[in-house]
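Accompanying notes for the structure given below.
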Amino acid sequence: MRKRKLYGILAILLVIGVYGYEHFINEKDVAESVREGASVKSESRTFYLPTSTTGQVVHHNGYSLSYSEPHEQAEWVAYELKKSHLSKSNFKRPYFEVDLAVKTGAASWRNYKNSGYDRGHLCPAGDKSYTKEAYDETFLTSNISPQTHDFNSGIWNTLEQKVRYWARKYDGVFVVTGGVLKGDLETIGNERVAVPNQFYKVIYDAEHEKMIAFLMPHRDSEEPLYNFVVPVDSVEVLTGIDFFPELEDALEDKLEASSSYKGWSFN
DNA sequence: CTGAGGGAC
DNA sequence: GTCCCTCAG
């Protein structure tokens, strides 16, 4: 094991320890965060949804998604990550369930069993730990994509943690994420769930009017995260999705053309 | 944190 | 299928 990797894991364990301690001393605050979580539901599913290339948009309490039936997974999952969603409990992981809200029939979790691929969350469970209900809702088969364990637990996990860091630092961000569902893709299971060759994430900080996008090959990397920053436009060309179409056009054009990560702290 | 799998019931 | 346990990056 490389030293850098070892330090990363130790840092993660430290973070978990701190959260556990905060939870221990702040138990009386949990009820308040539950109410706060409940109050953002309608807001989070009406703001800043991308366009759908498949015509099947599904809204859950904590996130929305656009399902691609041919690929048996979402082309995007979108949600607001508020500062108040962060910290707090680590719940017991439930079993994945087929998302009955997907009219064409979401994939079964059995496709992933012994496939060699993780059931990789698109909206991470770690972003929805403010209530058990919100947490469990991320364990729907419409919210997962086949990912290698090295990638999922490696640089993708690092990016997800960075997004939580930004949500805390910038008082909330909007997140859109998914695999790139183009070309001939490997499939797993009887339902032929496609294995993306690339995954993307688009982050919008509304308060400070800045946007950043990441495009990553489906493999782990030791490179720094900022090496994977791309203009939002390039992800739109690749996927056919229009991100944040509700923004005023001039602002949208300006933000989406940039591949600069000025204003985004990578510390 | 991100996940997997085995075995008893 | 559910629950409990061990394990890895």
Side-chain angles (χ1 to χ4, degrees), chain A residues 1-24 62-63 73-74 77 79 81 83 85-100 106-132 134-169 173 175 177-179 188-189 193 195-196 198-201 203 214 216-225 228 266-267:
Chain A
M1 179 183 295
R2 290 180 220 187
K3 270 190 180 172
R4 177 175 171 174
K5 201 94 177 181
L6 179 60
Y7 290 149
I9 291 172
L10 289 175
I12 290 166
L13 293 176
L14 177 63
V15 167
I16 293 168
V18 169
Y19 280 173
Y21 181 66
E22 280 183 358
H23 180 53
F24 176 72
Y63 60 93
Q73 65 195 278
V77 169
Y79 59 99
L81 180 55
K83 196 174 183 177
H85 293 169
L86 299 170
S87 77
K88 308 304 176 193
S89 333
N90 22 349
F91 298 110
K92 180 186 174 184
R93 290 171 72 95
Y95 289 93
F96 281 94
E97 289 180 15
V98 174
D99 185 353
L100 297 178
S108 165
W109 53 269
R110 294 184 219 290
N111 293 291
Y112 291 73
K113 193 169 185 179
N114 297 319
S115 70
Y117 290 95
D118 278 10
R119 302 162 177 96
H121 279 84
L122 293 174
C123 174
D127 285 3
K128 297 290 175 186
S129 58
Y130 46 93
T131 65
K132 176 63 169 157
Y135 182 80
D136 285 356
E137 194 182 50
T138 69
F139 286 77
L140 295 172
T141 56
S142 54
N143 185 41
I144 58 176
S145 178
Q147 294 180 331
T148 67
H149 189 63
D150 282 352
F151 175 75
N152 190 21
S153 67
I155 194 165
W156 191 247
N157 185 24
T158 304
L159 177 57
E160 289 175 341
Q161 293 184 50
K162 188 64 69 181
V163 171
R164 287 192 276 273
Y165 166 76
W166 285 329
R168 190 175 296 110
K169 187 180 181 68
V173 291
V175 184
T177 192
I188 59 171
V193 179
V195 181
Q198 295 169 290
F199 288 90
Y200 68 86
K201 221 177 255 292
I203 319 293
F214 294 85
M216 292 182 166
H218 187 181
R219 58 171 175 273
D220 195 18
S221 171
E222 299 293 337
E223 292 177 48
L225 287 176
F228 299 95
F266 281 86
N267 292 334

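Sequence lines set the chain letters: A, B, ... in the order given, protein chains first and strands last, and positions in each chain run from 1. Being a predicted model, the structure only gives us computed values, none of them experimental.
Residues satisfying the ring-ring contact (aromatic ring centres under 6.0 Å, His included) test with A:F91, not counting sequence neighbours, are A:Y135. Looking at residues two or more places apart in sequence or on another chain, you find a side-chain hydrogen bond (donor to acceptor under 3.5 Å, both in side chains) between A:N111 and A:E191. Partners of A:F96 according to the ring-ring contact (aromatic ring centres under 6.0 Å, His included) rule, which considers only residues two or more places apart in sequence or in another chain, are A:H121, A:F139.
Computed from coordinates, the A:K92 NZ to C:dT2 P distance equals 10 Å when rounded to whole Å.
Sorted by first and then second residue, the salt bridge (Lys or Arg N to Asp or Glu O under 4.0 Å) pairs involving residues 136-146 of chain A (not counting sequence neighbours) are A:K132-A:D136. Sorted by first and then second residue, the pairs that involve residues 154-164 of chain A and meet salt bridge (Lys or Arg N to Asp or Glu O under 4.0 Å), not counting sequence neighbours, are A:D127-A:R164.
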**Q.** Contact state string [nucleotides 2-9 of chain B, B base, S sugar-phosphate only, - no protein heavy atom under 4.0 Å]
**A.** BBSS----

